[in-house]
Asker: 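Sending over a structure as structure tokens; questions will come in a sec.
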Amino acid sequence: MLEPLIVANWKMHKTHLEALAWLQAFRKTCSKAFKTTPSLVLAPPFTALETLARALAEEPLAFPLHLAAQNIASEPSGAFTGEVSAPMLEALGVQYVIIGHSERRQLFHESNASISQKLKAALSHQLKPILCIGENATANAQGKTLDYLKTQLEGCLEEVETFVEEDFSRLTIAYEPIWAIGTGITPSPEAIEAIHSGLRDYLIERFGQSGAHIPLLYGGSLKASNCHPILSQKSVNGALVGGASLDAEEFARIIEACG
Ligand code: PGA
């Protein structure tokens with residue numbers, strides 16, 4: 001069984017000072033350790049990464065809280081105004097990076113091919129990529145979700161032939177239906193299980209045993225009040241939480257529901 005992983009994706013919310021206030025509130029809420037603590041990852045905006053890394057190093061929590069970036073450049077350095085690269089994140093002690101979020105695909109025109117380059121950049125450094133995939137409402141209504149996701153995976157894992165076993169062990173995949181993100185609507189727990197188990201079969205068929213151990217997260221309108229039946233599904237290995245992670249107490253309640 002894979003250890004559960006819960007990732008908070010703050011998107012473009014919170015200044016570095018607000019991030020510190022969140023951490024303080026989270027510390028208070030989790031002053032007692034959780035019954036069982038899943039692996040925890042926090043993805044704030046770039047501007048809060050260093051502040052949070054320092055605060056966590058100076059006063060660690062009772063359990064590890066790893067940091068993630070929400071995006072990465074495909075190149076290590078150079079004339080790429082506005083970009084942040086893998087070595088820069090690594091130097092800050094960032095361990096994870098979200099790659100190919102649907103907002104980046106839709107608003108910033110990231111393609112499967114460019115996402116594939118970003119995955120390669122993360123893996124060629126010591127970062128653990130969280131690759132996001134998800135279908136739109138039309139594909140879902142037509143019952144084509146799994147085919148849509150497989151096509152996305154094929155495109156994003158274009159460089160997979162160059163992957164070594166260790167690369168697979170650092171990869172996480174997050175299934176986030178676009179129509180569920182920020183809408184308050186989620187697929188039923190049974191529908192999520194069916195997609196996750198279909199993805200697992202595909203990963204094993206495509207990558208052999210390496211595909212059996214890639215954590216599969218669910219994301220999209222997950223909150224404390226709806227997370228238990230979703231996180232209890234056999235093929236769901238954790239969650240990528242957006243809006244509900246902005247409130248430290250709500251996020252702690254989601255972690256509790258994992259236990
Ligand atoms: P949401 O976002 O939980 O606010 O729906 C999830 C995500 O986009 O990662």
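One-based numbering, in listed order, for ligands and for the atoms of each. In this text the structure is predicted, and so the values were computed from the model without any measurement.
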Asker: Quick one: do Glu110 and Lys118 make a salt bridge, cutoff under 4.0 Å?
Answerer: yes
Asker: Between Phe207 and Tyr202, how do the two ring planes meet: parallel, tilted or perpendicular, split at 30° and 60°?
Answerer: perpendicular
Asker: For ligand 1, which atoms have a heavy atom of His101 less than 4.0 angstrom away?
Answerer: 7 (C), 8 (O), 9 (O)
Asker: Quick test: of every protein heavy atom, which one is nearest to atom 7 (C) of ligand 1, and how far off is it to 0.1 Å?
Answerer: Glu176 OE2, 3.1 Å
Asker: Decide whether an N or O pair under 3.5 Å exists between Gly242 and ligand 1.
Answerer: yes
Asker: Do me a favour and list the nearest non-hydrogen protein atom to atom 2 (O) of ligand 1 with residue, atom name and distance?
Answerer: Lys11 NZ, 3.2 Å
Asker: Using a 6.0 Å cut-off, check whether atom CZ of Arg206 has over 12 heavy atoms from anything other than its own residue.
Answerer: yes
Asker: Check this for me: Glu83, atom CD, are more than 12 non-hydrogen atoms of other residues, nucleotides or ligands nearer than 6.0 Å?
Answerer: yes
Asker: Does the side chain of Gln95 pick up a donor-acceptor pair with the side chain of His66 at under 3.5 Å?
Answerer: yes
Asker: For Gly220, state whether at least one heavy atom is located under 4.0 Å from any atom of ligand 1.
Answerer: yes
Asker: Give me the nearest non-hydrogen protein atom to atom 4 (O) of ligand 1 as residue plus atom name, then the distance to 0.1 Å.
Answerer: Gly243 N, 2.8 Å
Asker: Do Tyr175 and Glu135 meet the criterion of a side-chain donor-acceptor pair at a distance under 3.5 Å?
Answerer: yes
Asker: Are any of the N or O atoms of Gly182 closer than 3.5 Å to those of ligand 1?
Answerer: yes
Asker: Using a strict cut-off of 4.0 Å, indicate which atoms of ligand 1 neighbour a heavy atom of Asn9.
Answerer: 9 (O)
Asker: With a 4.0 Å cut-off, would you call Glu50 and Arg54 a salt bridge?
Answerer: yes
Asker: Should the proximity of Ile181 to ligand 1, defined as any heavy atom under 4.0 Å, be assigned to the side chain, the backbone, both, or neither?
Answerer: both
Asker: Can you find a non-hydrogen atom of Lys223 under 4.0 Å from ligand 1?
Answerer: no
